[in-house]
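In this chain, residues are counted from 1 in sequence order. Because the structure is a prediction, the values reported are computed rather than measured.
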Amino acid sequence: MPDEPLLHEDRLNYTPVTRSVPLARHRTARLVIEWGHPELAGDAALVVSELMTNALLHGSLRGRLIRVRLAVTAAALRVEVSDPRAERMPCPREVTDDDQFGRGLLLVGALAEQWGVGPRDGVGKTVWAEWGLAAASCDAVALIGVKK
């Protein structure tokens with residue numbers, strides 16, 4: 001995605017407090033819908049919510065902001081959540097039915113086509129998730145409706 005021209009982009013910094021999670025979730029859903037991808041709005045919002053919660057619980061530092069970035073190219077929708085703690089890398093883990101926490105990254109992996117983590121510009125890390133936006137060609141759509 002980095003080499004493709006951006007059609008839409010949004011960046012917003014959040015204070016590392018609990019109320020920032022629903023604010024980021026609602027903003028993500030609204031923007032993804034406005035940008036023409038309502039079918040991905042729910043999944044993208046839930047992924048941002050999970051990544052924001054992880055950043056809040058495991059990546060925040062007093063006085064340092066958490067950044068959410070949304071980007072759309074012709075080929076993909078990408079969400080990124082950046083926090084200041086590069087030394088605390090995300091790692092999916094095994095959970096049991098009795099575990100109250102630990103399913104966030106499993107959920108991210110189930111909802112997004114791909115996800116990963118990399119260095120943040122400056123200090124910290126960025127966790128990202130991505131969905132392809134491959135548009136069906138007119139010929140493919142026409143072939144689906146053809147009956148013989």
Joint hydrophobic cluster, Leu111 plus Leu105, side-chain heavy atoms closer than 4.5 Å: yes
State the CG-CG distance between Leu40 and Leu133, to the nearest 0.5 angstrom. 6.5 Å
Over all atoms of both residues, closest heavy-atom pair of Asn13 and Leu65: CB-CD1, 3.6 Å
How about Arg120 and Pro84: do any of their side-chain heavy atoms sit closer than 4.5 Å? yes
Between the CD atom in Glu80 and the CD atom in Glu130, the distance rounded to the nearest 0.5 Å is 9.0 Å
Compare every heavy atom of Ile66 with every heavy atom of Leu56, then report the nearest pair and how far apart it is. N-CD1, 3.9 Å
Can you tell me how far the CE atom of Met52 sits from the CG atom of Leu57, to the nearest 0.5 Å? 10.5 Å
Side chain Glu4, main chain Thr73, donor-acceptor under 3.5 Å: no
When rounded to the nearest 0.5 angstrom, what distance separates CD in Glu9 from CZ in Arg78? 11.5 Å
Take Val68 and Leu51 through the test side chain to side chain contact (heavy atoms under 4.5 Å, CB included) and record every step on the way to the result. CA-CA 9 Å; Val68 175; Leu51 296 180; over 6 Å; no
Could you tell me the separation between the CZ atom of Arg67 and the OG1 atom of Thr126, rounded to the nearest 0.5 Å? 9.0 Å
Under the criterion side chain to side chain contact (heavy atoms under 4.5 Å, CB included), I'd like the reasoning laid out for Val32 against Trp131: C-alpha separation, chi angles, the key distance, then a yes or no. CA-CA 12 Å; Val32 171; Trp131 294 263; over 6 Å; no
In terms of heavy-atom contacts, Ile33 and Pro38 come closest through CG1-CA, 4.0 Å
Where do Arg69 and Arg11 come nearest, in terms of heavy atoms and distance? NE-NH2, 3.5 Å
Where do Val79 and Ala44 come nearest, in terms of heavy atoms and distance? CG1-CB, 4.4 Å
Where is the tightest heavy-atom contact between Ala41 and Ala29, given as atom of each residue plus distance? CB-O, 3.8 Å
Under a 4.5 Å side-chain heavy-atom rule over Ile, Leu, Val, Met, Phe, Trp and Tyr, are Val108 and Trp128 clustered together? no
The reported gap from CG in Asp10 to CG in Leu31 (rounded to nearest 0.5 angstrom) is 5.0 Å
What residues form a ring pair (Phe, Tyr, Trp, His ring centres under 6.0 Å) with His8, not counting sequence neighbours? Trp35
Just by distance, no angles: are the side chains of Ser49 and Arg25 close enough, under 3.5 Å, to form a donor-acceptor pair? yes
